[in-house]
Amino acid sequence: MATHRNSDGFDAPTAARWLGYVRAALWPYFRPRVIGSEHLPKGRALIVGCHSGVIPYDAACTLVAIHDATGRFSRAIGDNLFGQIGMVQDFLRRQGAVVGRPEVVEQLLRAGQYVLVFPGGARDMERPYLTQRYRVLPHRGFAPGHGGYIKIALRTRSPIVPLAVVGAEEAHVMLANLPPIARALGVPLFPLLLFQAPLPVKLYVRFGSPIVLPGTPADAKDQQKVDQLNRMVRRRVQQLIDDTVRRRSGVIWSTFDERRVR
């Protein structure tokens, strides 16, 4: 029987079916508005965002938005947690996820692919709504001394496309995380939610202008340079989120002010 799988497990027909299921399930409910898809380059790119909410509706909707706008699949870097579960890892790889393998990410970018990454990982989902909503915090990949995605972008000379997803944080409204229960269950978080079922919020998926990092592949070995670029990208992602939140009016029946959007 013929197979469509790549050597890393990606299977295009399976991914296309999965994107169709996501579109059928989430588009009527969350009514995503996609803004700035013209900023997606023709060639390779790292698409960098901050997880919005406690369930990754943002990643799922972004992958569909990219495919709808360009006809291309975007590979996604999954949290290492999922790499510990064989069946889950195999499923994610067939959809295009790359779990904890930076060398594969580099190969994909060198081959001209899109790669979607949330450097904060699952820790982004721990942010309580009342005090840290829509904040891009300097933890995990965004933390000083880290910035692996910056190193990959430098080594592969890949542009970075900032991503803002607004709306998902209101879908459940996380009041607090309960770490003792999360540790007992072996999961990244155990959220205390205001709404167990998601509210039908309107989502906004917005791509910013590509960032061409100043530097050379050799700079990937200079942690001070990497930290500087990491702060710059984190600020750009935060600015895009802030501007999107500012332009949004309402949560469920919301509108978006398009004046002077670039």
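For the pair Val226 and Asp219, the minimum side-chain heavy-atom distance is 4.5 Å or more. Using a 4.5 Å heavy-atom threshold, the side chains of Ile77 and Val105 count as touching.
With sequence neighbours left out, Asp222 forms a salt bridge (charged side-chain N to carboxylate O under 4.0 Å, His left out) with no residue at all. Scanning for salt bridge (charged side-chain N to carboxylate O under 4.0 Å, His left out) contacts around Glu106 gives Arg110, Arg155, with sequence neighbours left out. Applying the salt bridge (charged side-chain N to carboxylate O under 4.0 Å, His left out) criterion to Asp243, with sequence neighbours excluded, gives Arg206, Arg246, Arg247. Legend: residues meeting side-chain hydrogen bond (donor to acceptor under 3.5 Å, both in side chains) with His146, ordered by chain and number and at least two apart, are absent. By the salt bridge (charged side-chain N to carboxylate O under 4.0 Å, His left out) test, Arg157 is found to be paired with no residue, residues two or more places apart in sequence or in another chain being considered.
Remark: side-chain polar atoms of Asp58 are not paired, donor with acceptor, to backbone N or O of Ala164 under 3.5 angstrom. Put simply, the side chain of Asn177 never gets that close to the backbone of Glu126: no donor and acceptor are under 3.5 Å apart. With Gln238 contributing its side chain and Val136 its backbone, the two residues share a donor-acceptor pair below 3.5 Å. Under a 3.5 Å cut-off, the side chain of Arg127 and the backbone N or O of His51 do form a donor-acceptor pair. A distance-only check finds a donor-acceptor pair linking the side chain of Arg31 to the backbone of Ile252 [under 3.5 Å]. A donor-acceptor pair is defined here as one N or O able to donate and one able to accept, closer than 3.5 Å; no such pair exists between the side chain of Asp68 and the backbone of Ala65. Using modelled atom types, no side-chain atom of Arg72 and backbone atom of His67 make a donor-acceptor pair closer than 3.5 Å. Under a 3.5 Å cut-off, the side chain of Tyr114 and the backbone N or O of Leu109 do not form any donor-acceptor pair. A distance-only check finds no donor-acceptor pair linking the side chain of Lys202 to the backbone of Ser254 [under 3.5 Å].
For Ile160 against Leu213, the heavy-atom pair with the smallest separation is CD1-CD1, 3.9 Å. Residue Ala12 comes nearest to Phe73 through the heavy atom pair O-CZ, 3.6 Å, listed as atom of the first residue, atom of the second, then distance. Scanning both residues, Ile241 and Cys50, for their nearest heavy atoms gives CD1-CB, 4.3 Å. The two residues Ala168 and Ser52 come nearest to each other via the heavy atoms CB-O, 2.9 Å. In plain terms, the two heavy atoms of Ala24 and Pro28 that are nearest each other are O-CD, 3.3 Å.
Annotation: cation-pi pair Arg75/Phe10 present, NZ/CZ under 6.0 Å from the ring centroid and within 45° of its normal. A cation-pi arrangement is not found for Arg23 relative to Trp18, the charged atom failing to lie both closer than 6.0 Å to the ring centre and inside a 45° cone about the ring normal.
Using a cut-off of 4.0 Å between Lys/Arg side-chain N and Asp/Glu carboxylate O, Arg135 and Asp242 are scored as salt-bridged. Classification of Arg133 and Glu170 as a salt-bridged pair fails, no side-chain N sitting under 4.0 Å from a carboxylate O.
Taken to the nearest 0.5 Å, the CG atom of Leu192 stands 8.5 Å off from the CZ atom of Phe190. Atoms CG and CG, on Leu40 and Leu163 in that order, are 9.5 Å from each other to the nearest 0.5 Å. Atom CG in Leu108 sits 10.5 Å away from atom CD in Glu103 (nearest 0.5 Å).
For the pairing with Phe207, the side chain to side chain contact (heavy atoms under 4.5 Å, CB included) check across Thr62, Leu240, Ile35 returns one residue only, Thr62. Checked options Lys225, Gln223, Gln224; the residue passing with Asp227 is Gln223 (criterion: side chain to side chain donor-acceptor pair (under 3.5 Å)).
No continuous path of hydrophobic side-chain contacts links Val212 to Ile47 [ILVMFWY only; heavy atoms under 4.5 Å]. Under a hydrophobic-cluster definition in which Ile, Leu, Val, Met, Phe, Trp and Tyr are linked whenever side-chain heavy atoms come within less than 4.5 Å, directly or via other members, Phe118 and Leu137 are assigned to different clusters. Residues Tyr21 and Ile55 do not share a hydrophobic cluster, defined by chaining ILVMFWY side chains whose heavy atoms lie under 4.5 Å apart.
No side-chain donor from either of Tyr134 and Thr244 sits under 3.5 Å from a side-chain acceptor of the other.
Among pairs with a residue in residues 33-55, those fulfilling salt bridge (charged side-chain N to carboxylate O under 4.0 Å, His left out) read Arg33-Glu258, at least two apart in sequence or across chains.
Under the 30°/60° scheme for interplanar angles, the aromatic rings of Tyr57 and His172 are found to lie parallel.
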